[in-house]
Amino acid sequence: QVQLVESGGGLVQAGGSLRLSCAASGRTFNNYGMGWFRQAPGKEREFVAAINRSGGDTANADSVKGRFTISRDNAKNTVYLQMNSLKPEETAVYYCAASDSRLVVTITRQYKYWGQGTQVTVSS
C-alpha cells in the first residue's frame with residue numbers, strides 16, 4: 001500500500017504559478033512511476049503529467065507543455081508539479097497517483113494508488 005498526500009494548491013490569478021507537492025509513504029517510492037491528473041467540476045479526470053521511477057523520463061499533456069514541469073526527489077519520497085502561466089480553465093482538483101509500471105504512464109486506469117487531491121483555483 002502507498003499513501004499519497006498532495007499539498008500546495010490554492011487560489012492564484014491567471015498567469016500566476018503554483019507548485020504542487022505529493023508526499024508518498026508506505027512502500028519504496030522509487031518502485032513507482034508517478035503522475036498528476038486533474039478533474040474539473042462536471043468533467044472527467046484528465047492526465048496532466050507523468051514521470052518514471054528514476055525521474056529520467058517524463059510526459060506532459062499537450063495542453064500544459066511548456067508551462068508545467070513534473071519532477072521527483074526519491075530521497076524525499078516526493079513528486080512535484082510546477083505550474084506556470086496558469087489559466088482559469090485549469091481550475092480543478094489536482095491528484096497525484098502511483099503506478100507499478102516501469103514506463104511513463106499517461107492512462108488513468110494504470111495507476112494503482114491515488115491521493116485525496118488538492119484544489120487549484122485560477123481567477124481571471
Side-chain angles (χ1 to χ4, degrees):
Q1 190 78 4
V2 175
Q3 292 78 42
L4 303 172
V5 179
E6 302 95 336
S7 61
L11 174 64
V12 64
Q13 288 188 333
S17 298
L18 282 175
R19 188 174 85 151
L20 305 183
S21 300
C22 174
S25 62
R27 291 281 181 95
T28 304
F29 181 63
N30 60 9
N31 283 346
Y32 295 91
M34 300 298 295
W36 285 97
F37 293 77
R38 64 189 179 191
Q39 187 167 19
K43 295 188 177 181
E44 293 196 358
R45 193 169 297 188
E46 65 172 357
F47 168 74
V48 175
I51 190 166
N52 69 344
R53 294 176 178 182
S54 68
D57 194 15
T58 63
N60 291 284
D62 288 344
S63 60
V64 306
K65 284 181 180 177
R67 298 186 298 117
F68 289 16
T69 303
I70 188 171
S71 62
R72 66 189 294 162
D73 185 336
N74 286 343
K76 294 183 178 179
N77 291 355
T78 301
V79 62
Y80 305 97
L81 184 68
Q82 177 67 43
M83 305 186 294
N84 299 327
S85 301
L86 281 159
K87 305 174 182 180
E89 56 265 36
E90 294 179 312
T91 293
V93 177
Y94 283 70
Y95 298 90
C96 76
S99 167
D100 290 338
S101 175
R102 294 179 178 273
L103 304 176
V104 174
V105 177
T106 64
I107 301 173
T108 306
R109 66 176 181 270
Q110 292 187 328
Y111 282 85
K112 190 172 184 179
Y113 302 106
W114 292 82
Q116 82 291 348
T118 185
Q119 177 70 45
V120 172
T121 302
V122 185
S123 64
S124 57

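Just so you know, residue 1 is the first one in the sequence shown, and it goes up from there.
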Assess the residue pair S63 and F68 against the criterion (side-chain contact (heavy atoms from CB on, under 4.5 Å)); give the C-alpha distance rounded to whole Å, side-chain angles, the decisive distance to 0.1 Å, and a yes or no.
CA-CA 9 Å; S63 60; F68 289 16; over 6 Å; no
So which residues get pulled into I107's cluster when ILVMFWY side chains under 4.5 Å apart are joined, directly or through others?
none
Donor on one side chain, acceptor on other, D73 and T78, under 3.5 Å
no
Is the shortest side-chain N to carboxylate O distance from R67 to E90 below 4.0 Å?
yes
With rounding to the nearest 0.5 angstrom, report the OG to CG distance, S17 to L86.
6.5 Å
Verify the cluster assignment for Y113 and V104: are they in a single hydrophobic cluster under the rule of side-chain heavy atoms below 4.5 Å apart?
no
Over all atoms of both residues, closest heavy-atom pair of S124 and A14:
CA-CB, 4.4 Å
Among the clusters formed by ILVMFWY side chains lying less than 4.5 Å apart, do V64 and Y111 turn up in the same one?
no
Taking the ring centre of each residue, are W114 and F37 less than 6.0 Å apart?
yes
Can you give me the closest heavy-atom contact between L11 and S123, atom names plus distance?
CD1-CB, 4.3 Å
When rounded to the nearest 0.5 angstrom, what is the spacing between SG in C96 and CD1 in I70?
9.0 Å
Assess R72 against Y80: is NZ or CZ under 6.0 Å from the centre of the six-membered ring, and within 45 degrees of the ring's axis?
no
Is there a path of hydrophobic side-chain contacts, each under 4.5 Å between heavy atoms of I, L, V, M, F, W or Y residues, that connects M83 with W36?
yes
Got a second to check how far M34's CE is from I51's CD1, nearest 0.5 Å?
9.5 Å
Identify the heavy atoms of L4 and Q116 that sit nearest to each other, and give their distance.
O-OE1, 3.6 Å
Looking only at heavy atoms, which two atoms of K65 and N60 are closest? And how far apart?
CE-O, 3.3 Å
How close do V12 and G16 get, heavy atom to heavy atom, and via which atoms?
CG2-CA, 3.8 Å
For L18 and V120: C-alpha separation, side-chain torsions, deciding distance, then whether side-chain contact (heavy atoms from CB on, under 4.5 Å) applies.
CA-CA 9 Å; L18 282 175; V120 172; 3.9 Å; yes
Between R53 (side chain) and N30 (backbone), is there a donor-acceptor pair under 3.5 Å?
no
Going from CZ on F47 to OG1 on T108, what distance comes out if it is rounded to the nearest 0.5 angstrom?
9.0 Å
Nearest 0.5 angstrom please: E6 CD to Q119 CD, how far?
12.0 Å
Note: L81 and A49 closest approach over all heavy atoms is CD1-CB, 4.1 Å
Here the salt bridge (Lys or Arg N to Asp or Glu O under 4.0 Å) pairs for residues 7-21, sequence neighbours left out, are none
Does any N or O in the side chain of T91 come within less than 3.5 Å of the main-chain N or O of T121, such that one atom is a donor and the other an acceptor?
no
